[in-house]
Amino acid sequence: MIDPKNSPETPCEGTETTESLDFIRTQVQADLNSGLNDGRVHTRFPPEPNGYLHIGHAKSILLNSGIAGEFGGKFNLRFDDTNPEKEDLEYVESIKEDMKWLGTDWEEREFYASDYFEQLYEWAQFLIREGKAYVCSLNLEQIREYRGTVKEAGRPSPDRDRTAEESLELLDGMRHGKFEEGAYTLRAKIDMAHSNMKMRDPLIYRIRKVTHHRTGNEWKIYPFYDFAHGQSDAIEGITHSICTLEFEVNRPLYEWFIANLPVPSEPRQIEFARLNLTYTIMSKRKLLQLVEQNHVNSWDDPRMPTISGLRRLGYTSESIRTFCDRIGLAKRDSTVDLDLLKWAIRSELNLTATRYMGVLRPLKVVITNYPEGKVEDIECVNNPEDESAGTRTVPFSREIYIEQDDFRIEANRKFFRLKPGKEVRLKHAYFVTCDEYIQNDDGEVVELRCTYDPESYGGQSPDGRKVKGTLHWVSAEHAVTAEVRLYDNLFREPFPEAEGHFLENLNPDSLEILTNAKLETNISEVTAENRWQFMRHGYFCLDSKDSTPEKLVINRTVTLKDSWAKLEAKTKK
Ligand code: ATP
Ligand code: MG
């Protein structure tokens, strides 16, 4: 199921390794062995509060907090809040909620890059005084042009040799709003011919006259990511700054700042491959677009790959941990099959979920030889995978519902469900034979008339005769009506971003709403914490947002494997 390219990497060369450790843990262990950082291990998760967390973030959270836990270290939550226009308190709150739900404990070690704005500013002044930074008056387009190309060295900014006094004064003016946005930037003075473009006098500060969700209007300049990130790590005493591969090219700059500033500690940056999933996009910018353009209903729409979406869909935090453990760590980018995520929740719920009966598209059946007014309690096994789950009773009566799909007027020999003249088993109840079907003016079958064999109680054959099909059912009189939401992949292409625009690959059938599902009466006892199976349909939960005691709204978390659909598709081919 996993892309073979994504198999866990072998440990780094030249370090003492334990075979079971991945390459990051191997590095952490080696650093401990060599006495680096006085034997401390300290990691962090550094989200930008500009969107909700997704399953890729879960991988990073579990990795960072996991390493801290395993090596007796500490773990920080640090909001990387240096882009005020995109950030919001709503995101801060949702990130914390999702991390708590995942079971991650940052022990109140909650920090913000914005807490360090003053310190970062002082370090910018320090660099200027050291002759390692200058205020530049080129605009962004000019800066890009002056930077050169991969093949050609860049040209120095005309302001590169501005005196420290002048730069300090201009920087102070920038800070206090003396200049318009874009008038100046602060840049590190490194090497305009460096083979790594990131090292060609990178930007440190820009003027931005926008309100920050924490510092308000105090600052008219904001540091760039590269200037904030490593230094924030150093301030917090982070020993291993674990990030995704796209930051590999930033590492020399990360190290340059650490080497050239009087920082209190020297974190080590280590990169790993970000999680990509088939049929999924993971960029927050694109996820925001889905929300803003109403392709989904919200960040926690159960079709979203967000933690809150998966939670609402019915995923447990345990299943997300299982998934993240399974995929391991890689140093090369690859894409994991979405089926692996589904497998994680399906295999967990197979062991824990009660089997209920629920008819999603009801067809009425009248059992003509069953006494009117009689109600029997049928004993049903709660979970065949778990004997300790016991049994429950479900009422049976003369009028029941079965699935519309479970009846066909005509069907071939392989169709083991009901057709005229055929006998099937009603799960845990009786054998019934279809005598007659009633159609409406449009030719739709609206009712079946059947007879039952009173000797087949419990669904047991009275005389050894065999019936192949077993149908689930609910008593019409006792059924609970509910809305059931069936979800499918949000995208119809395994690589939605590969060709064309990702929006063109949205799956138009990602949500089907059934408003008249008929469910066994026991369903009224479930709570938001419950997950259960509707036999033959998959695993379900209450929708935490929309469900009320008066109107149940139920989400399908994941399907069972549907052998009939597969067989039918194969036959058609
Ligand atoms: P965007 O989606 O806009 O590219 P981002 O995912 O990098 O942003 P951040 O808030 O900066 O968002 O991410 C916080 C941390 O999560 C970073 O350390 C980042 O490397 C990690 N991370 C983000 N996406 C993934 C992913 N798909 N797999 C693993 N880790 C990820
Ligand atoms: Mg980022």
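Owing to the predicted nature of the structure, the values given are computational and were not obtained by experimental measurement. All ligand and atom numbering here is 1-based and tracks the order in the structure.
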- Message: Over 60° means perpendicular and under 30° means parallel, so tell me whether W299 and Y52 are parallel, tilted or perpendicular.
- Response: parallel
Centroid-centroid distance, H229 to F247, less than 6.0 Å:
no
Heavy-atom proximity to atom 28 (N) of ligand 1, picking from L63, L275, L287, N83, points to L275
For S283, the atoms of ligand 1 under 4.0 Å from one of its heavy atoms are 2 (O)
Using a 4.5 Å cut-off on heavy atoms from C-beta on, say whether the side chain of Y134 contacts that of R160.
-> yes
Ion pair check, R312 and D543, cut-off under 4.0 Å: yes
Exercise for review: Indicate yes or no: does an N/O atom of H57 lie under 3.5 Å from an N/O atom of ligand 1?
Suggested key: yes
Say whether N50, considering both its backbone and side-chain N or O atoms, lies within less than 3.5 Å of an N or O atom on ligand 1.
no
Numbered in order shown, the ligand 1 atoms found under 4.0 Å of a heavy atom of T244 are 19 (C), 20 (O), 29 (C), 30 (N), 31 (C)
Using heavy atoms and a 4.0 Å limit, tell me yes or no: is K286 in contact with ligand 1? no
Should D233 and R78 count as an ion pair when the cut-off is N to O under 4.0 Å?
yes
If we number the atoms of ligand 1 from 1 as shown, the ones under 4.0 Å from a heavy atom of M282 are 2 (O), 27 (N)
Q. Any salt bridge between D301 and R485, counting N to O under 4.0 Å?
A. no
Atoms of ligand 1 under 4.0 Å from any heavy atom of E48, numbered from 1 in the order shown, are 9 (P), 10 (O)
Under 3.5 Å, side-chain donor or acceptor atoms of residues 495-505 against the rest of the protein: list the pairs with distances, not counting sequence neighbours.
from, atom 1, to, atom 2, distance (Å)
E497, OE2, K286, NZ, 2.7
H501, ND1, L503, N, 3.2
N505, ND2, P496, O, 2.9

### Query
Would you say K284 has any N or O atom under 3.5 Å from an N or O of ligand 1, going by distance alone?
yes
